[in-house]
> 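One structure coming up, written as structure tokens, with questions to follow.
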Amino acid sequence: MASPRLLFICGMLALAGAAHAQSKTPGGIPPPPGMSLAESAAMRFPQPVRVGDLIGREVLRPVESQDVLGRVRRVVRDANGQIMVVVDFGGFLGFDSRPIAVPVDAMVLVGQDMEIVAFTPKQLRQFPTFSPVGTADVADDAIIKVGLAKPSH
Amino acid sequence: MRSPFRPDRPPNAAVLDDHKPLIRSLERRGLIRGGLSLGALVMLTGCDVRRPEAVEFALLAISRFNDGVQALLFDPNKLAPTYPASMILRPPKFNAYYDVMDVKPVNGATWRLEVSGLVTDKRAWTLSDLQALPQTSMVIKHICVEGWSYIGGWTGVPLRLFLERVGADLQAKYVAFKTADDYPSSIDMASALHPQTLLALKYGADTLADPFGYPMRLRTAVKLGYKNPKWITAIEVTNKYPGGYWEALGFPWFAGI
């Protein structure tokens, strides 16, 4: 019986370093009821980020499965001067997605990814398809501030 | 064919049910869970599998043995990979045992670093004291036990240099840290003296931002992410095992990479 026992222990030695998820409080919770997007974004320690570095990033849902909602296509300033992140939203494997404009204050940076924390996928599906009319692209070299969240897993 | 290892009398299957919560707690590593069959659990004996604490004790003993092997394998002169500055992720990735909204910024002007234990100079340090020491920069990968990583650029005081300045006993076993966010941590002396272990004051060329540990945090290229405490307020050199936040919850202490 010695050898299978030894094998098992060797297996456990290799794996004992693997561990349970670190989360104690979840990351990327939605804004508290009644709080504006700007106020809630201010609580998430907004950090400077280069706009060009955001383009192409995956946009995730802030839940443990981290479903991919889309990718950042561009960053624009809308007619009210508000910064919006245009996300190629939905579809399957990149097909049949459509651009929607999400206020930057509804989003957070999670390392190399972004998350939409203020809207559910159901709400996002109601967003109109983005039209560039009346908006201006924010230059790649511009620095904007975006809030943070810890990973949602 | 009948397995030659099959016992004459099979163990009671209820044993597996008894350990369901423990097995479920390994959910992020399906391989382990898959491996923890009834047979494997029984083979873990020596201990009595009817007592969950006995199984946990056995697993922790394996983890401690693992730490010892890692410490033996550790080469104090081998450098971790470094990367060009163009690959630095700005801003870095935030993580803690709580979300960013619970970060409590530290006032750098009134901040003091306490030094205690096996050192000759126990004077507290200010931020400008640390800034006046020689600084080193490194672009290294931060690797989290959760499976993610990113490349970051850090500047600060090599921990070796700091320990030499305070007259630390470099033969001591442990360097322990206390932090403003109540996240105690500790590393072995060999890793503390490694050239890629810094008391980091800057990220890229900029002062550390609040969520990343301002005014001072540990960054080491030779440990997993959770061994890099932020907002450090005290350093102790000791021979008494200091443990740490996640270590107390069952994570491996050595956590080398």
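In what follows, chains carry the letters A, B, and so on, assigned in the order in which the sequence lines appear, proteins first and then strands, with residues in each chain numbered from 1.
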> B:Tyr97 versus B:Asp181: any side-chain heavy-atom pair under 4.5 Å?
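With C-beta onward as the side chain, the pair touches.
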> Does the side chain of B:Val145 come within less than 4.5 Å of B:Trp246's, by heavy atoms?
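A side-chain contact under 4.5 Å is absent here.
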> If you check every heavy atom in residues 28-45 of chain A against those of chain B, which residues fall under 4.5 Å?
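A:Gly28, A:Ile29, A:Met43, A:Arg44, A:Phe45 fall under the 4.5 Å cut-off.
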> Is the centre of the A:Phe89 ring less than 6.0 Å from the centre of the A:Phe127 ring?
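No - the distance between ring centres of A:Phe89 and A:Phe127 does not fall below the 6.0 Å cut-off.
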> Looking at B:Gln70, B:Met101, B:Arg90, which one has more heavy-atom pairs under 4.5 Å with chain A than the rest?
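The candidate making the most pairs under 4.5 Å is B:Met101.
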> Side chains of B:Tyr150 and B:Pro92: does their closest heavy-atom pair fall under 4.5 Å?
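A side-chain contact under 4.5 Å exists here.
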> Taking side chain as C-beta onward, heavy atoms only, is A:Gln47 less than 4.5 Å from B:Pro211?
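They are in contact (side-chain heavy atoms under 4.5 Å apart), so the answer is yes.
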> For the side-chain contact (heavy atoms from CB on, under 4.5 Å) test, which of A:Val86, A:Asp140, A:Asp88, A:Val87 pairs with A:Arg74?
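The single option meeting the side-chain contact (heavy atoms from CB on, under 4.5 Å) with A:Arg74 is A:Val86.
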> For B:Asn107, does the CG atom sit with more than 12 other heavy atoms under 6.0 Å from it, leaving out its own atoms?
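Check passes, neighbour count above 12.
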> For A:Leu109, which atoms come within 4.5 Å of any heavy atom of chain B: side chain, backbone, both, or neither?
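Only the side chain of A:Leu109 comes within 4.5 Å of chain B.
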> So which of B:Ala255, B:Ala209, B:Pro91, B:Pro105 has the biggest tally of heavy-atom pairs under 4.5 Å with chain A?
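Answer, by heavy-atom pair count under 4.5 Å with chain A: B:Pro91.
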